[in-house]
There are 2 protein chains.
Amino acid sequence: MLRAAADFLGRRPNATQDEIAKAVGVSRATLHRHFAGRGALLAALDDLAVALLGEAVEAADLDEGPAAEALRRLVAACEPVSPYLALLYSQSLDLDLDREPAAWLEIDARIVELFRRGRQSGEFGPDLTPAWLTDAFYSLVVGAAWSIQAGRTASRDFTAIVTDLMLHGVTPRDR
Amino acid sequence: MLRAAADFLGRRPNATQDEIAKAVGVSRATLHRHFAGRGALLAALDDLAVALLGEAVEAADLDEGPAAEALRRLVAACEPVSPYLALLYSQSLDLDLDREPAAWLEIDARIVELFRRGRQSGEFGPDLTPAWLTDAFYSLVVGAAWSIQAGRTASRDFTAIVTDLMLHGVTPRDR
DNA sequence: ACACTGTGAGACAAAAACGTCTCATGCGAT
DNA sequence: ATCGCATGAGACGTTTTTGTCTCACAGTGT
């Protein structure tokens with residue numbers, strides 16, 4: 001139920017409870033029986049989004065092996081939770097980093113650290129900051145989810161398109 | 001007035017008319033005098049967003065010179081309108097491409113064409129589709145605007161960070 | 001057959017947001 | 001000094017959305 005709600009709200013941030021209920025496939029009364037109000041629903045979605053993102057980050061073993069491989073694992077792990085990331089984005093791009101839940105800041109810090117260690121080891125270049133790369137990562141994951149949902153990209157390509165773009169950009173690699 | 005409204009709504013898609021009016025620096029009554037209702041305000045913002053994006057695309061001369069240089073010009077031209085792009089994104093990621101205004105489809109087609117000609121000329125690799133690269137471009141422009149607004153990135157770096165990431169990714173280039 | 005649980009539908013009250021209106025104020029032009 | 005215009009503030013009506021409640025129904029377990 002929360003998955004369907006996240007999918008829908010990620011695309012329709014202003015949806016009413018009635019619209020969300022229809023999208024999820026239950027009545028508004030039933031939605032209310034499960035979540036004590038719109039605020040409770042949104043809080044549950046946020047919590048789930050952060051929890052699932054945390055699990056994805058954990059599963060990706062960001063500290064292991066080459067940074068490029070870790071990034072690829074991270075992108076793959078984030079594919080199933082990309083609707084939740086889109087939800088986090090669409091509900092409020094007005095993030096106040098000082099007021100975010102600790103779990104989110106922990107996730108963010110670990111991804112920043114991945115880019116930092118890649119840069120330090122020389123695998124990644126010195127020109128782009130870890131903070132920007134982390135934000136770019138979020139943007140591309142959400143953008144890829146959107147592109148797939150819009151039918152402009154095949155869903156099987158998710159991991160490759162995000163990882164290849166982040167690693168190499170559009171310029172062809174020498175072979 | 002519309003600029004401030006777009007800035008605010010890009011970050012707070014659910015904002016009320018009262019909140020928008022405060023953010024813009026006028027009273028709700030005055031907002032109403034300028035725009036006949038919430039629907040009219042949102043329509044005006046959408047129209048302005050598409051118009052400004054169209055001007056940016058026009059100014060970038062996407063058909064001239066190397067595709068990489070055209071991309072750099074495009075990113076630079078889009079910096080001032082990135083809040084509007086963020087607004088288009090946040091108001092409805094539920095885009096129905098068949099129902100978009102012709103102006104938007106024209107803009108989208110021209111950016112897709114830039115990536116297509118870059119791929120065809122060999123400047124850009126064959127692995128990433130022009131459609132995905134166009135969506136990635138939108139995502140990174142919005143993500144960069146957000147990163148800057150959040151204070152995680154310096155605003156003077158906007159063009160460089162988006163362009164460098166799209167062209168080369170994080171992998172260091174041989175010098 | 002009966003009891004229990006969860007649900008949908010719809011009615012209704014409450015709250016939130018929107019739209020409209022009036023009045024006072026400030027500013028600029030004459 | 002006066003006039004016209006735009007605005008803010010706040011009141012008030014309207015609409016939308018939310019929250020609550022009741023009743024009927026279906027499914028499941030005993």
Side-chain angles (χ1 to χ4, degrees), chain A residues 1-52 83-84 86-96 99-101 149, chain B residues 1-52 83-96 99-101 146 149:
Chain A
M1 175 183 281
L2 281 174
R3 167 81 197 210
D7 282 348
F8 187 70
L9 267 172
R11 303 196 305 273
R12 290 282 309 280
N14 294 316
T16 66
Q17 293 293 94
D18 231 349
E19 292 171 329
I20 297 168
K22 283 194 173 68
V24 159
V26 300
S27 75
R28 193 158 61 81
T30 297
L31 190 65
H32 235 273
R33 287 185 187 108
H34 286 272
F35 302 97
R38 186 182 178 91
L41 173 65
L42 296 181
L45 285 170
D46 281 351
D47 290 346
L48 182 60
V50 170
L52 290 176
Y84 294 95
L87 176 62
L88 288 173
Y89 248 66
S90 68
Q91 281 301 305
S92 176
L93 288 167
D94 203 20
L95 290 178
D96 184 341
R99 288 175 48 233
E100 287 309 300
Q149 187 271 322
Chain B
M1 179 184 279
L2 282 173
R3 167 82 198 210
D7 281 349
F8 187 71
L9 268 172
R11 303 197 302 275
R12 292 281 306 282
N14 295 315
T16 67
Q17 292 293 95
D18 232 346
E19 291 170 329
I20 297 169
K22 283 193 175 67
V24 159
V26 298
S27 74
R28 192 159 60 81
T30 298
L31 190 64
H32 236 273
R33 287 185 188 105
H34 287 273
F35 302 97
R38 186 182 179 90
L41 173 63
L42 296 181
L45 285 169
D46 281 352
D47 290 347
L48 182 61
V50 171
L52 290 176
Y84 293 96
L85 192 54
L87 176 63
L88 285 173
Y89 246 63
S90 67
Q91 280 302 304
S92 178
L93 288 166
D94 204 19
L95 289 178
D96 183 341
R99 285 177 48 234
E100 287 308 302
W146 182 86
Q149 187 271 321

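Chain A is the first sequence line, chain B the second, and so forth, proteins listed ahead of strands; every chain is numbered from 1.
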Which whole-number value in Å describes the distance from [X] [atom1] to [N] [atom2]?
X: B:His32; N: C:dT22; atom1: NE2; atom2: P; value: 16 Å
X: B:Gln17; N: C:dC18; atom1: CD; atom2: P; value: 5 Å
X: A:Lys22; N: C:dG10; atom1: NZ; atom2: P; value: 10 Å
X: A:Asp18; N: C:dC12; atom1: CG; atom2: P; value: 17 Å
X: B:Phe35; N: C:dA17; atom1: CZ; atom2: P; value: 21 Å
X: B:Arg38; N: C:dG19; atom1: CZ; atom2: P; value: 9 Å
X: B:Leu31; N: D:dA6; atom1: CG; atom2: C1'; value: 14 Å
X: B:Ile20; N: C:dA17; atom1: CD1; atom2: P; value: 12 Å

What distance separates B:Asp46 CG from B:Leu87 CG, expressed to the nearest 0.5 Å? 6.0 Å
Checking all strands, does B:Gly39 fall into the base, sugar-phosphate, or nothing category for heavy-atom contacts under 4.0 angstrom? nothing
Is the shortest heavy-atom distance from the side chain of [X] to the side chain of [Y] under 4.5 Å?
X: A:Phe8; Y: A:Lys22; value: no
X: B:Thr16; Y: B:Arg28; value: no
X: A:Tyr84; Y: A:Leu9; value: no

Nearest heavy atom decides the nucleotide; on that basis, is B:Gly25 or A:Ala15 closer to the 5' end of DNA chain D?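 It is B:Gly25 whose nearest nucleotide is closer to the 5' end.
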Is there, by distance only and without an angle test, a donor paired with an acceptor across the side chain of A:Arg28 and the base of D:dG19 below 3.5 Å?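 When only heavy-atom distances are counted, A:Arg28 does reach the base of D:dG19 through a donor-acceptor pair under 3.5 Å.
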Determine, stepwise, if the pair B:Asp7 / B:Arg11 fulfils salt bridge (charged side-chain N to carboxylate O under 4.0 Å, His left out). CA-CA 7 Å; B:Asp7 281 349; B:Arg11 303 197 302 275; 5.6 Å; no
5'-most contact on DNA chain C (nearest-nucleotide basis), A:Val26 vs B:Gly37, goes to A:Val26
Would you indicate, yes or no, if D:dT7 has its OP1 or OP2 atom less than 4.0 angstrom from a side-chain nitrogen or oxygen of B:His34? yes
For a quick test of reading the model: is some side-chain N or O of B:Thr30 closer than 4.0 Å to OP1 or OP2 of D:dG8? yes
Nearest to the side chain of A:Ala29, heavy atoms from C-beta on, is which of D:dG19, C:dG10, C:dT20?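 My answer, after comparing the listed nucleotides, is C:dG10.
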Which of these nucleotides, C:dG8, D:dG8, D:dT18, is closest to any side-chain atom of A:Arg33? C:dG8
